[in-house]
Amino acid sequence: VQVNQVLNAWARSGLPEAGDRMDTIMAMMGQNNMRPAIHTFNTLLRYHGGKGNADKLEAIVDKMEMDGVKLDMISYSQLVYGYAMAREMEKAEMWLQRMVNEGLPGDLEHLRLIGESLQIVMIKYRDAMDSDRVPEDVKQTYYLDKAKRLFEWAKAKQIVDKGRLGKYKVCRHSRAL
């Protein structure tokens, strides 16, 4: 538990050396035959996801698989967020779809995480559409089409639906879960 607390403190510190210090702690754990728990991995995913470090996210998932640690809903949520922050939208969508397809427990907290993850991806698509650096033809043929496809997928899975005021919102009871 203390190792997770130290990792969490570094992750939240905002200090430039935090990533390196967390890597050192993970190496120390390995040298002492300490197996990281899901909370440890989720802390790493949250930190590197927030920084948009896509390469680190992949390495963490690989390490989880090697250690036999199964991703949970928080892991999926952090991966969606991290890849969206790295502007790797294909991977963000892939992890969002895996998150839903995994059929993890369907309580409201899990549904909230799925909804937030979907919202993050859609916001990144919107940001790309608003960017002056992206040519108009790319916006129309790539980002807009992808956002529409993702939204239609979310409607088909009943993750989103129209509310009383006609605005789309995350469903409370989703067939996806």
What closest approach, in Å, do [X] and [Y] show between heavy atoms, and which atom pair accounts for it?
X	Y	value
A84	A92	N-CB, 3.8 Å
S75	I38	OG-CD1, 3.4 Å
Q78	N42	CG-O, 4.3 Å
K56	D23	NZ-OD2, 2.8 Å
E88	A54	OE2-CB, 3.2 Å

**OP:** Could you walk me through whether R98 and M94 pass the side chain to side chain contact (heavy atoms under 4.5 Å, CB included) test, one step at a time?
**Re:** CA-CA 6 Å; R98 284 180 69 179; M94 177 198 73; 4.3 Å; yes
Quick one: does [X]'s side chain have a donor or acceptor within less than 3.5 Å of a partner on [Y]'s backbone?
X	Y	result
T43	H39	yes
S13	W10	yes
Y47	G19	yes

Original post:
Are L15 and V6 connected in a single hydrophobic cluster, I mean Ile/Leu/Val/Met/Phe/Trp/Tyr linked by side-chain heavy atoms less than 4.5 Å apart?
Top reply: yes
[atom1]/[X] to [atom2]/[Y] distance, rounded to the nearest 0.5 angstrom?
X	Y	atom1	atom2	value
T40	N8	OG1	CG	10.0 Å
M99	Y76	CE	OH	9.0 Å
M22	M26	CE	CE	8.5 Å
M64	D72	CE	CG	7.0 Å

Original post:
Are side-chain heavy atoms of L79 and L71 found at a separation under 4.5 Å?
Top reply: yes
**OP:** Please lay out, stage by stage, how K51 and M85 fare under the test side chain to side chain contact (heavy atoms under 4.5 Å, CB included).
**Re:** CA-CA 7 Å; K51 300 288 184 192; M85 291 300 290; over 6 Å; no
Original post:
Got a sec, which pairs hit side chain to side chain donor-acceptor pair (under 3.5 Å) with one end in residues 27-37, sequence neighbours left out?
Top reply: none
**OP:** Apply side chain to side chain contact (heavy atoms under 4.5 Å, CB included) to the pair L57 and W95, showing each step before the final yes or no.
**Re:** CA-CA 12 Å; L57 295 176; W95 283 107; over 6 Å; no
